[in-house]
Visitor: 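Handing you this structure, nothing more for now.
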Amino acid sequence: AQSVAQPEDQVNVAEGNPLTVKCTYSVSGNPYLFWYVQYPNRGLQFLLKYITGDNLVKGSYGFEAEFNKSQTSFHLKKPSALVSDSALYFCAVSFFPGFQKLVFGTGTRLLVSP
Amino acid sequence: DAGVIQSPRHEVTEMGQEVTLRCKPISGHNSLFWYRQTMMRGLELLIYFNNNVPIDDSGMPEDRFSAKMPNASFSTLKIQPSEPRDSAVYFCASSSPKEVEAFFGQGTRLTVV
C-alpha cells in the first residue's frame with residue numbers, strides 16, 4: 001500500500017540547534033514529496049517539494065529536505081532552529097501527478113525551546 | 001490572488017441539522033480537495049475533484065456526506081444530518097498541474113452539539 005510515515009509524534013530542540021523531522025514513504029514508482037507546516041488555528045502552509053533532480057531541496061523559512069531513494073526517506077532539516085519554528089509539520093506524498101492527490105503523514109509537533 | 005477561501009470559518013450546529021461548507025479555489029487551479037482534521041484521525045482526504053469532476057470519494061465517511069463542484073470556482077461539502085462525531089476542522093485545498101503542490105484554505109471549524 002502507498003503510504004507516508006512520520007515516526008516521531010514530537011521533536012524537541014533548543015533554539016540555535018539543528019533540527020530534523022523524519023519522514024519515510026512507501027510507493028511504487030517515483031513519488032512527489034512535500035512538507036507542510038501548520039500553526040495553531042491555521043491552514044497548512046507549503047514549505048517545499050521534491051519532484052525530480054537535485055536530492056537536496058531548499059524551501060521557505062530556511063528549511064531544506066533531502067530525498068533519499070535508497071532509504072525511501074525525505075527528512076526535513078534546518079541548520080539553526082528558531083522558537084517561531086514551533087508548529088505541526090506534515091510530510092505528504094503524491095502518487096498521481098496528474099491529479100495531485102496528496103496523502104499526508106500523521107504529523108510531527110516541533111517544539112523549539114528558548 | 002487571495003488564496004483558497006473557505007466559509008464559514010466557524011460553524012456551530014445542533015445534531016440533525018444540515019451543514020454546508022463552502023470553498024473557492026485559487027483561480028486557474030484544476031484540482032480541488034476536501035480534507036478533515038481531527039485529533040484522533042489526523043488529516044483525512046475526503047474527496048477530490050479534477051476539472052470539476054469527482055475523481056475519488058472513497059474517503060467520504062458516510063452517505064450523510066456529499067460534495068459538489070458546479071463550476072471551477074466553487075465547491076460545497078454538505079453534511080445531512082450532522083452528528084457530534086462530525087466535529088472537526090474541514091480544509092479545502094486546490095492545486096494546478098504546473099505547481100503540483102496543494103494550497104490550503106484556513107479551514108472551517110465545525111462543532112456539532
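Chain naming here is simple, since letters A, B, ... match the order of the sequence lines and numbering starts at 1 in each. It should be emphasised that the depicted structure is a prediction, and the values quoted were computed from it without experimental measurement. Any value given below was found using the heavy atoms of this structure, including those in side chains, with hydrogens, waters and symmetry copies removed.
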Visitor: Should we say atom CZ of B:R64 is surrounded by more than 12 heavy atoms from elsewhere, each under 6.0 Å from it?
Guide: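 Check passes, neighbour count above 12.
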Visitor: Would you say CG of B:N71 has more than 12 non-hydrogen atoms from neighbouring residues, nucleotides or ligands within 6.0 angstrom?
Guide: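 More than 12 within 6.0 Å, yes.
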Visitor: Would you find a donor on one side and an acceptor on the other, under 3.5 Å apart, between the side chain of A:Y36 and the backbone of B:A102?
Guide: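 Indeed, once roles are kept as given, a pair shorter than 3.5 Å links the two residues.
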Visitor: Between A:L82 and A:L111, is there a shared hydrophobic cluster once you connect ILVMFWY residues whose side-chain heavy atoms come closer than 4.5 Å?
Guide: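 No, A:L82 does not connect to A:L111 through the hydrophobic network.
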Visitor: Taking non-hydrogen atoms and a cut-off under 4.5 angstrom, which of residues 46-63 of chain A neighbour chain B?
Guide: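 Residues of residues 46-63 of chain A touching chain B at under 4.5 Å: A:F46, A:K49, A:I51.
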Visitor: Might you confirm whether atom CD of A:Q10 has over 12 heavy atoms from other residues, nucleotides or ligands at distances under 6.0 Å?
Guide: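 Yes, enclosed.
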Visitor: Could you give all pairs that pass the ring-ring contact (aromatic ring centres under 6.0 Å, His included) test and reach residues 75-101 of chain B, with sequence neighbours left out?
Guide: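 Output for this query is empty, none listed.
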Visitor: Say whether B:I5 and B:F104 are linked into one hydrophobic cluster, either directly or through other cluster members, by side-chain heavy-atom distances under 4.5 angstrom.
Guide: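 Unlinked, B:I5 and B:F104 end up in two clusters.
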Visitor: With heavy-atom distances below 4.5 Å as the criterion, would you say the side chains of A:L44 and B:Y35 are in contact?
Guide: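 The answer is no, as the side chains (C-beta and beyond) never meet within the 4.5 Å cut-off.
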Visitor: Just checking heavy atoms, which of residues 105-113 of chain B are less than 4.5 Å from chain A?
Guide: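 Within residues 105-113 of chain B, the residues under 4.5 Å from chain A are B:G105, B:Q106, B:R109.
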Visitor: Going by side chain to side chain donor-acceptor pair (under 3.5 Å), name the residues that satisfy it together with B:E11, two or more places apart in sequence or in a different chain.
Guide: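 Side chain to side chain donor-acceptor pair (under 3.5 Å) list for B:E11, sorted by chain: empty.
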Visitor: What part of B:Q6 is in contact with chain A, defined as an atom under 4.5 angstrom from a non-hydrogen atom: side chain, backbone, both or neither?
Guide: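 No part of B:Q6 comes within 4.5 Å of chain A.
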Visitor: Quick check on B:D56 against chain A: is it the side chain, the backbone, both or neither that has a heavy atom closer than 4.5 Å?
Guide: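 Contact with chain A: side chain only.
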Visitor: Between A:V112 and A:Y39, is there a shared hydrophobic cluster once you connect ILVMFWY residues whose side-chain heavy atoms come closer than 4.5 Å?
Guide: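 In one cluster with A:V112: A:Y39, yes.
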Visitor: Supply the atom-to-atom distance A:F90 CZ to B:Q37 CD, rounded to the nearest 0.5 angstrom.
Guide: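 If I round to the nearest 0.5 Å, the distance is 5.0 Å.
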Visitor: Does one hydrophobic cluster hold both B:I55 and B:F74, with members joined at side-chain heavy-atom distances below 4.5 Å?
Guide: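 Different clusters.
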Visitor: Under a 4.5 Å heavy-atom cut-off, does chain A meet the side chain of B:R9, its backbone, both or neither?
Guide: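 For B:R9, the contact with chain A is made by the side chain alone.
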